Every structure is written in structure tokens, then in C-alpha cells.
Undergrad: 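Okay, here's the structure, questions in a sec.
Quantities reported herein were computed from a predicted structural model and do not represent experimental measurements.
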Amino acid sequence: MAEMIEKAVKNRLYRAPADFMYVAAQKELDRAIARLKQWERMQKEGDCEILSDAEVV
């Protein structure tokens, strides 16, 4: 993965490896927030069953 990031930097898709990591972290944070909002909405509606801390059905 590090090689792919370095290649992206060399191809000027990112200024530095840190920029890539920032973008990746922001996307993951956005996904986590979306999952949390979905889970909260399902809790309010009573449409979910919690199987474990990590899994909502």
C-alpha cells in the first residue's frame, strides 16, 4: 500500500503521503458518521436488533 501511495504522490495526485492519509481518514470518518446516524434512526424506529457492539441487523 505504501508503494501505491508513493506512486500517487509521484504522479502528483497528492502533494505528500500525509495528504493521502488525511483524505482516506476523512472518508472513513464520513462513513462512520453515516452508519451512526443510520443506527440512531433505526433505534428510534425500533427496526433493528443488536447482535453485538459492532453489528446491527
Undergrad: What distance separates Lys27 NZ from Tyr22 OH, expressed to the nearest 0.5 Å?
TA: 12.5 Å
Undergrad: Using side chain to side chain donor-acceptor pair (under 3.5 Å) as the criterion, list what pairs up with Arg12, not counting sequence neighbours.
TA: none
Undergrad: Without placing hydrogens or testing angles, list every side-chain donor-acceptor pair under 3.5 Å for residues 1-10, not counting sequence neighbours.
TA:
none

Undergrad: May I have the list of side-chain donor-acceptor pairs in residues 28-38 shorter than 3.5 Å, sequence neighbours left out?
TA:
residue: Glu28; atom: OE1; partner: Arg31; partner atom: NH1; Å: 2.7
residue: Asp30; atom: OD1; partner: Gln26; partner atom: NE2; Å: 3.1

Undergrad: Could you go through the side chain to side chain contact (heavy atoms under 4.5 Å, CB included) check for Leu13 and Phe20 one step at a time?
TA: CA-CA 9 Å; Leu13 297 173; Phe20 173 86; over 6 Å; no
Undergrad: Asn11: what forms a side chain to side chain donor-acceptor pair (under 3.5 Å) with it, not counting sequence neighbours?
TA: none
